Structures are given as C-alpha cells and as structure tokens.
Number of protein chains: 2
Amino acid sequence: MPNVFVKVPEPTLRRLPWYLAYAKLARQQGETHLSSTQIAQKIGIDASQVAKDFSFVTVSGKTRVGYEIDELITTLEQFLGFTNCHKAFLFGAGSLGSSLLHDNGLTQYGLEVVAAFDIKVELVGTQINRIPIQHLDRFMEIQAQTGVQIGILTVPVNQAQEVADIMIAGGIKAIWNFTPFRIRVPEDIVVQNTSLYAHLAVMFNRLRGLLEEEKE
Amino acid sequence: MPNVFVKVPEPTLRRLPWYLAYAKLARQQGETHLSSTQIAQKIGIDASQVAKDFSFVTVSGKTRVGYEIDELITTLEQFLGFTNCHKAFLFGAGSLGSSLLHDNGLTQYGLEVVAAFDIKVELVGTQINRIPIQHLDRFMEIQAQTGVQIGILTVPVNQAQEVADIMIAGGIKAIWNFTPFRIRVPEDIVVQNTSLYAHLAVMFNRLRGLLEEEKE
DNA sequence: TAGATTGTTAATCGATTAACAATC
DNA sequence: TAGATTGTTAATCGATTAACAATC
C-alpha cells in the first residue's frame with residue numbers, strides 16, 4: 001500500500017511528470033488504457049523503474065490491461081500538486097522574472113503568481129500579464145494579508161541571499177530559486193533550485209565526453 | 001590526479017556552478033583566497049563534498065591558505081565550458097522560446113544562439129534580439145553550412161519527439177529539452193532535460209511534506 | 001612545532017536494477 | 001490454462017559521508 005508519509009525520492013518526483021506527459025499525449029491519440037511496460041518502452045525508461053515509481057503513487061492498474069488512462073492522469077496530476085492552486089510571489093522582475101510572468105503555462109500546472117516585487121522605481125506600479133509589480137518594501141504587508149507561501153527568486157546573483165532572507169522573514173515557506181547562487185535557509189524552508197546554467201554545464205560536459213569518445 | 005576521462009557524476013556537475021557563483025561573489029567583495037571549508041560553510045554543503053567535487057577538477061589549493069580566487073574561477077569556468085563559445089539553434093519560438101532568445105545571460109555562460117526555427121509564417125523572417133527566425137524547412141540546409149551541434153527544444157509537447165528526430169537527422173548532437181516530454185534518442189546523442197514543471201512537482205511535494213509534519 | 005587545510009581512501013546510505021511472486 | 005502485466009522483495013551499483021593521511 002502506498003503511504004503518503006513515506007518520502008518520495010526526488011528522482012521519482014522528476015520522472016512522474018514524464019509519465020503524465022506521455023499519458024496525456026496517448027489520450028489525445030485516442031488511447032483509453034496504458035500499461036506501465038508500454039510507457040517504459042515509449043519514453044525509454046526501465047519497466048521496473050516505472051513500476052517502482054508508481055508504487056509511491058496510489059494508482060491501481062489491472063493485470064493484462066494496464067491503467068485506465070483518465071484515472072491515471074487525474075491521479076498523477078493530483079499527486080504532483082498540479083490540480084491545486086498554489087499562490088506565489090515573484091521577486092525580481094528583470095528579464096528572467098518577466099519571462100516567467102508572461103508564461104501562462106505555470107497556471108496550468110498549479111502555480112498562480114499573484115504579485116511581483118522589485119526595487120526599480122520605473123517598474124513599480126506597472127503590470128505584466130495582469131500581474132501587478134510592487135515595491136519590495138511592501139512585501140511584508142501584502143504577505144500578511146494574503147498568506148502566500150511560495151516565492152520565486154529571480155533577482156541578480158549578488159542579491160539572492162539577501163532577498164531570500166527577506167522572503168523567509170515575511171513567512172515564505174518554499175523558494176523556487178532561479179539564481180545560480182545556492183542560498184542558505186533554515187531547515188523548515190523548502191528550496192527548489194532551477195539554475196539554467198547548471199544544466200548548461202552538465203550538457204557541455206556530456207557533449208565534450210561524447211566528442212572525445214569519437215576521437216578514439 | 002584528476003583525470004579528464006573519468007566521468008564526472010551529474011550531481012557534482014550541478015554543484016560546481018554553485019562554487020563558482022560563490023567564488024565570484026567573494027571576489028567582488030575583495031577576497032583573494034578561498035578555502036573549500038569556507039565555501040562549504042557559506043553555501044551549506046559538507047566540506048568533504050566540496051573537496052570530493054574539486055578532486056574531479058584540476059584545481060590546486062595550498063594547505064592553510066586555500067585556493068587563489070582568480071585561478072579557481074578561471075579553472076571552474078573552463079572546466080564547466082562557460083568560456084568556450086558553443087553555438088546553438090533554437091526550435092520553437094513560442095513564449096518560452098522567445099524568452100530564451102531575449103536572455104543575454106546565456107552568452108555569458110558560453111551559449112550563443114545563432115538562429116531560431118519555427119513553422120509559424122508570421123514569425124518567419126522576423127528577428128528577436130537580433131537572432132533571425134527561419135522556417136523549420138530550412139534547418140537542414142543551414143545546419144550543413146554552419147555545423148551547429150546544440151539544439152534547444154521549446155516546441156509544444158505534442159511535437160517534441162517529431163522535432164527532436166528532425167534535429168538529430170540534421171546533425172544536432174546535444175538537445176536541451178525544455179518540454180515536459182521525455183524524448184527518445186540514439187545513444188550517441190546528449191539530452192539535457194530542463195522541465196520547469198518537473199521542478200514544480202518536486203517543490204509542491206516537499207512543501208506538502210513540510211505542512212503535514214507541522215500538523216503532528 | 002602546532003594547527004589548519006587539502007585531498008584521498010574506506011564505510012555508509014540510498015536509488016536503481018533484477019528477479020520473481022501474485023493476479024487476471 | 002497460458003500468457004501478460006502488476007507490484008513487491010532482494011541484489012547491485014553509485015554517490016555521499018566519515019575518517020584520516022599528507023602538507024605547509
């Protein structure tokens with residue numbers, strides 16, 4: 001029996017959205033049932049890996065038939081938190097920050113940015129994609145009113161720690177960190193690091209390895 | 001002795017940019033030397049982890065003194081491939097794609113997008129941030145001329161596999177995949193998955209775990 | 001010398017893979 | 001029943017942590 005109190009491994013959490021994306025695609029193509037072996041084949045993951053990952057989620061499949069596709073999608077979306085509406089603030093409406101404000105895809109996945117904060121006077125008072133930009137000084141006050149728990153950090157690197165500290169002081173519980181800086185936070189604060197540059201580094205390294213292999 | 005042929009673990013590659021970011025910040029603040037224990041403390045990582053990670057890179061520190069900060073930064077940047085100029089194509093100039101075209105930060109980290117491809121006629125022929133958008137049909141021809149090896153995939157989910165196949169057929173060796181879909185590729189192709197939604201899922205799950213803990 | 005730091009080698013921990021039992 | 005699939009339990013693999021030797 002899957003247990004909500006068992007901590008789901010991070011690699012599993014990162015794979016579950018792949019299964020979901022494939023299931024959605026299969027449904028679009030008219031499928032009604034999906035077996036884990038089928039998913040495994042199509043997206044190139046070990047079948048036992050898929051089975052193991054599903055064991056963390058409360059999905060029930062039928063032998064010889066697989067999973068009912070609508071049920072699978074609903075269950076995965078619910079488990080991953082994509083159906084809930086999570087309100088969030090964004091800190092730093094620079095180029096990366098404003099891109100995120102423009103991205104309507106986030107709402108589909110359960111994240112609604114309700115306000116952005118910056119210190120640039122020319123930005124304060126304006127809106128991006130109907131989301132108001134306020135001065136950072138007003139954050140505490142607005143947070144107290146709304147009780148938002150998620151903060152998106154898109155400030156310049158050298159302000160990352162400082163702004164993170166302000167966020168935490170104001171009551172933010174989870175920080176989605178887009179800066180390449182690893183911020184320090186108390187134990188009871190969740191940090192999700194999403195640095196494009198770190199991913200670039202991995203890709204460059206693997207590409208180099210590939211090219212060296214070919215030389216031999 | 002560090003060896004270039006030893007495969008560097010992915011977790012290490014993802015941490016190295018953190019050390020780099022901290023080193024740059026420390027230099028800005030006037031530091032000239034940095035010890036690994038100092039880095040470890042400041043960014044909240046085990047000192048032995050930092051030491052182990054550095055063992056993959058050819059950095060040489062001095063006992064009691066640490067690392068010479070300029071040398072450390074140069075070495076890390078070189079190792080991570082941030083100093084080389086890697087040319088890349090972008091596929092799919094939608095909302096996410098055009099955000100990336102606007103982001104000048106990528107050039108700083110060694111990635112230069114030289115052209116974008118799309119199938120929307122109203123986009124073809126225009127430019128974003130001085131980067132020309134071409135019709136996808138012209139990709140093969142342009143690739144043959146330029147020999148670009150990196151492709152950024154920012155098309156809608158249901159076209160991810162199809163466009164990836166075209167990229168590979170044209171000679172792309174590394175795909176930076178921003179779609180939530182896990183594309184299948186031959187063994188000698190590098191894929192770097194960067195799905196914001198996967199990261200969201202991890203964050204939501206950890207946040208939920210946190211809130212449940214507090215209840216008890 | 002004493003103390004601090006690098007950097008390696010061994011032990012632990014956790015995730016992945018493989019094997020297999022259960023079910024329809 | 002035979003075969004295909006779910007889903008669990010055990011074995012393997014790799015990364016992290018801990019211990020410690022080497023160095024200035």
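Just so we're on the same page: letters track the sequence lines, and every chain starts at 1. Worth saying up front: this structure is predicted, and the values here are computed from it rather than measured.
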Exercise. Scan every strand shown for a Watson-Crick or G-U wobble partner of C:dT17, both distances under 3.5 Å, and answer none if you come up empty.
Key: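 C:dT17 is paired with D:dA10.
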Self-check item: Counterpart base for D:dC24, defined by Watson-Crick or G-U wobble contacts under 3.5 Å
Solution: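 C:dG3 is the nucleotide pairing with D:dC24.
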Self-check item: More than 12 heavy atoms from other groups under 6.0 Å of CD on A:Glu31
Solution: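 Enclosed: over 12 neighbouring heavy atoms sit under 6.0 Å from CD of A:Glu31.
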By nearest atom, which of the nucleotides [options] is closest to the [X] side chain?
X: B:Ser35; options: D:dT16, C:dT8, C:dT5; result: C:dT5
X: B:Lys52; options: D:dA15, C:dT9, C:dT16; result: C:dT9
X: A:Pro11; options: C:dT16, D:dA15, D:dT8; result: C:dT16

Practice problem: Quick one: label A:Ser48 by what it contacts on the DNA or RNA (base, sugar-phosphate, nothing), any heavy atom closer than 4.0 Å. | Solution: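 Contact class for A:Ser48: base.
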Exercise. Measure up the B:Phe91 and B:Phe89 rings against each other and bin them: parallel (under 30°), tilted (30 to 60°), perpendicular (over 60°).
Key: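 Ring orientation of B:Phe91 relative to B:Phe89: perpendicular.
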Round to a whole Å and report the spacing from [atom1] of [X] to [atom2] of [N].
X: B:Glu10; N: D:dA15; atom1: CD; atom2: P; result: 10 Å
X: B:Lys7; N: D:dC13; atom1: NZ; atom2: P; result: 15 Å
X: A:Gln38; N: D:dA4; atom1: CD; atom2: P; result: 14 Å
X: A:Leu34; N: D:dA4; atom1: CG; atom2: C1'; result: 15 Å
X: B:Tyr67; N: C:dG7; atom1: OH; atom2: P; result: 4 Å
X: B:Gln49; N: C:dT12; atom1: CD; atom2: C1'; result: 14 Å
X: A:Ile39; N: D:dT6; atom1: CD1; atom2: P; result: 8 Å
X: B:Lys62; N: D:dT23; atom1: NZ; atom2: P; result: 16 Å

Quiz item: Closer to the 5' end of DNA chain C via nearest nucleotide, is it A:Asp46 or B:Thr37?
Solution: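 Checking each residue's closest nucleotide, the 5'-ward one belongs to B:Thr37.
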Practice problem: Quick one: pull up CG in A:Leu20 and OG1 in A:Thr75 and give me the separation to the nearest 0.5 Å. | Solution: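 Those atoms lie 10.5 Å apart.
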Quiz prompt | All ring pair (Phe, Tyr, Trp, His ring centres under 6.0 Å) counterparts of B:Tyr19, not counting sequence neighbours | solution =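 So B:Tyr19 forms a ring pair (Phe, Tyr, Trp, His ring centres under 6.0 Å) with B:Phe54.
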Practice problem: Return the set of residues passing ring pair (Phe, Tyr, Trp, His ring centres under 6.0 Å) with B:Tyr22 (not counting sequence neighbours), or none when no residue passes. | Solution: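 Counting only residues at least two positions away or on another chain, B:Tyr22 forms no ring pair (Phe, Tyr, Trp, His ring centres under 6.0 Å).
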Quiz item: Under 4.0 Å between a side-chain N/O of A:Ser36 and OP1 or OP2 of D:dT6, yes or no?
Solution: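 For A:Ser36, the contact criterion (side-chain N or O under 4.0 Å from OP1 or OP2 of D:dT6) is met.
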